[in-house]
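Numbered from 1 within each chain, the chains take letters A, B, ... in sequence-line order. Computed over heavy atoms, backbone and side chain alike; hydrogens, waters and symmetry mates excluded.
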Protein chains: 2
Amino acid sequence: MTIRLLLADDQELIRQALGVLLDLEPDFEVVASVGRGDEVTAAALEHRPDVALLDIDMPGLDGLAAAAVLTAQVPGCRVVVLTTFGRTGYLRRAMEAGAVGFVVKDAPAAVLADAIRRVAAGERVVDPALAAATLAAGESPLTARERDVLIAARSSATVAEIAARLYLAEGTVRNYLSGATTKTGTRNRIEALRVADERGWL
Amino acid sequence: MTIRLLLADDQELIRQALGVLLDLEPDFEVVASVGRGDEVTAAALEHRPDVALLDIDMPGLDGLAAAAVLTAQVPGCRVVVLTTFGRTGYLRRAMEAGAVGFVVKDAPAAVLADAIRRVAAGERVVDPALAAATLAAGESPLTARERDVLIAARSSATVAEIAARLYLAEGTVRNYLSGATTKTGTRNRIEALRVADERGWL
DNA sequence: TCCGGGTTCTGACAGATGTCACGGTGAAGC
DNA sequence: GCTTCACCGTGACATCTGTCAGAACCCGGA
């Protein structure tokens with residue numbers, strides 16, 4: 001019984017190469033291949049894959065959002081998230097989005113193929129080292145407001161803008177940002193933002 | 001006559017997939033495949049490829065440095081740089097490092113195969129859109145000292161540290177950083193650093 | 001020779017940023 | 001009830017940062 005696959009990756013070359021690689025496996029069949037996150041669901045509805053392999057960095061809709069939509073609208077299709085770098089935050093968010101597999105591109109092809117087969121059989125598959133790292137990173141130590149302020153800081157550059165947007169005094173915003181930098185062990189709010197983002201705390 | 005290829009990419013999965021993809025072409029033969037920049041030269045000396053396909057992001061030695069070493073030590077081997085995102089700065093640096101081809105991973109496989117054949121035949125191959133972008137970005141408007149300070153700012157976080165390292169007054173460092181932010185059209189030295197880096201001005 | 005343009009370097013100043021101490025509120029535990 | 005604790009919100013303060021005007025220097029051209 002062959003496993004029907006959907007591939008989503010914005011890099012044409014990688015997508016084609018992965019398609020060829022996976023088609024070599026006798027029990028795999030690549031039935032669809034898209035380059036944008038917002039094309040995933042339509043393709044899945046049309047071609048009914050058993051497993052969707054989603055990259056995270058995609059235009060239109062990122063892989064995590066696409067995973068959420070896909071699991072909601074195409075229940076028979078299981079999602080494996082494939083990503084460049086094993087950022088621990090992505091794993092948690094991928095699981096929350098309904099993904100049942102998580103493979104990093106550093107892994108050899110055999111690991112990916114094995115993961116696809118096990119996911120198709122109903123198992124959950126996560127790279128053990130990555131799972132450990134996620135466990136080590138733990139839950140977010142940020143309070144709700146610290147998180148809000150950091151998110152606002154992502155698009156607004158200056159403290160005054162953030163304060164205006166959240167209806168807070170500037171001192172308050174500075175205070176939350178300071179807390180965030182302390183908790184992330186960084187020196188700037190910019191580094192704090194980067195670190196918190198990487199760890200999936202936002 | 002077959003073209004002998006060397007593949008260098010730190011992501012195991014991508015490397016394997018590209019290997020399979022390129023081996024499908026009847027006139028290509030992948031003779032070596034490495035995951036680290038500092039393994040490129042040794043592998044090239046051993047297997048004597050006609051064309052080396054180098055990713056930029058690699059541990060040990062990045063693809064650009066590897067290209068420089070390779071062209072110096074293995075003259076018969078032509079270098080094609082393969083990179084994720086068409087950052088204009090990389091193109092210039094790749095050419096300076098002796099690469100004769102530049103392909104982005106967004107391109108379809110046929111483009112890559114065509115580029116390899118033409119490079120093997122002695123041509124130079126660069127994505128036209130990328131070349132145009134590089135031309136548009138133009139030469140660096142930064143002065144020598146502004147460049148020095150920005151590079152120092154990459155590893156030192158605070159102005160005082162940069163000043164100490166370059167034996168300058170803090171005011172001077174601030175001034176150069178200010179000039180850099182103006183010339184890059186940004187608001188922070190951090191954004192300035194990012195932009196200058198992307199454009200290959202460092 | 002002098003002049004002008006560009007670069008290097010500096011201190012002074014205003015504004016932005018990070019840290020601190022503090023008060024208020026609500027939930028949990030005795 | 002009271003205490004404790006964590007969180008929310010604020011202003012004050014010291015420090016850091018970015019901008020400005022200007023001095024010194026080099027170099028090529030009138």
> Which part of the nucleic acid does Thr182(A) contact within heavy-atom distance under 4.0 Å: base, sugar-phosphate only, or nothing?
Replying inline: nothing
>> Check this for me: does the side-chain of Asn175(B) come within 3.5 Å of the base of dT19(D) through a donor and an acceptor?
In response: no
> Nucleotide range of DNA chain C contacted by chain A, 5' to 3', under 4.0 Å to a heavy atom?
Replying inline: dT17(C) to dA21(C)
> Say you draw a straight line from OH of Tyr176(B) to CG of Leu166(B); how long is it, rounded to the nearest 0.5 Å?
Replying inline: 10.0 Å
> Base, sugar-phosphate, or nothing: which does Arg174(A) touch, judged by heavy atoms less than 4.0 Å apart?
Replying inline: base
> Tell me: CZ of Arg147(A) to P of dC8(D), nearest whole Å?
Replying inline: 12 Å
>> Check whether Phe102(B) forms a cation-pi arrangement with Arg92(B) (NZ or CZ under 6.0 Å from the six-membered ring centre, at most 45° off the ring normal).
In response: no
>> Within the 4.0 Å heavy-atom criterion, would you say Thr143(B) contacts the bases, only the backbone, or no part of the nucleic acid?
In response: sugar-phosphate
> When the distance from CD of Glu146(A) to C1' of dA6(D) is rounded to whole Å, what number comes out?
Replying inline: 11 Å
> 5'-most contact on DNA chain C: Glu170(B) or Pro141(B), nearest heavy atom basis?
Replying inline: Pro141(B)
>> With rounding to the nearest 0.5 angstrom, report the OG1 to NZ distance, Thr84(A) to Lys105(A).
In response: 4.0 Å
> Within this structure, what is the CD1-to-P distance between Ile190(A) and dT17(D), rounded to whole angstrom?
Replying inline: 11 Å
>> I need the CG-C1' distance between Leu166(A) and dT10(D), as an integer number of Å.
In response: 15 Å
> Short question: side chain of Ser178(B), backbone of Arg174(B) - any donor-acceptor pair under 3.5 Å?
Replying inline: no
>> Expressed as a whole number of angstroms, how long is the span from Leu177(A):CG to dC8(D):C1'?
In response: 15 Å
> Quick one: Arg145(B) CZ to dA24(D) P, roughly how many Å, whole number?
Replying inline: 20 Å
> Are OP1 or OP2 of dG18(D) and a side-chain N or O of Arg189(B) less than 4.0 angstrom apart?
Replying inline: yes
>> If we ignore hydrogens and angles and just use 3.5 Å, is the side chain of Gln16(B) paired with the main-chain N or O of Ala109(A) as donor and acceptor?
In response: yes
> Counting any heavy atom closer than 4.0 Å, what does Ala144(B) reach on the DNA or RNA strands: base, sugar-phosphate only, or nothing?
Replying inline: sugar-phosphate
> CG of Asp9(A) to CD1 of Ile56(A): how many Å apart, nearest 0.5 Å?
Replying inline: 11.0 Å
> Mapping Gly171(A) and Tyr176(A) to their closest nucleotides on DNA chain D, which lands nearer the 5' end?
Replying inline: Tyr176(A)
> Checking side-chain contact (heavy atoms from CB on, under 4.5 Å) for the pair Glu29(A)/Val31(A): CA distance, chi angles, key distance, verdict?
Replying inline: CA-CA 6 Å; Glu29(A) 183 187 359; Val31(A) 297; 4.0 Å; yes
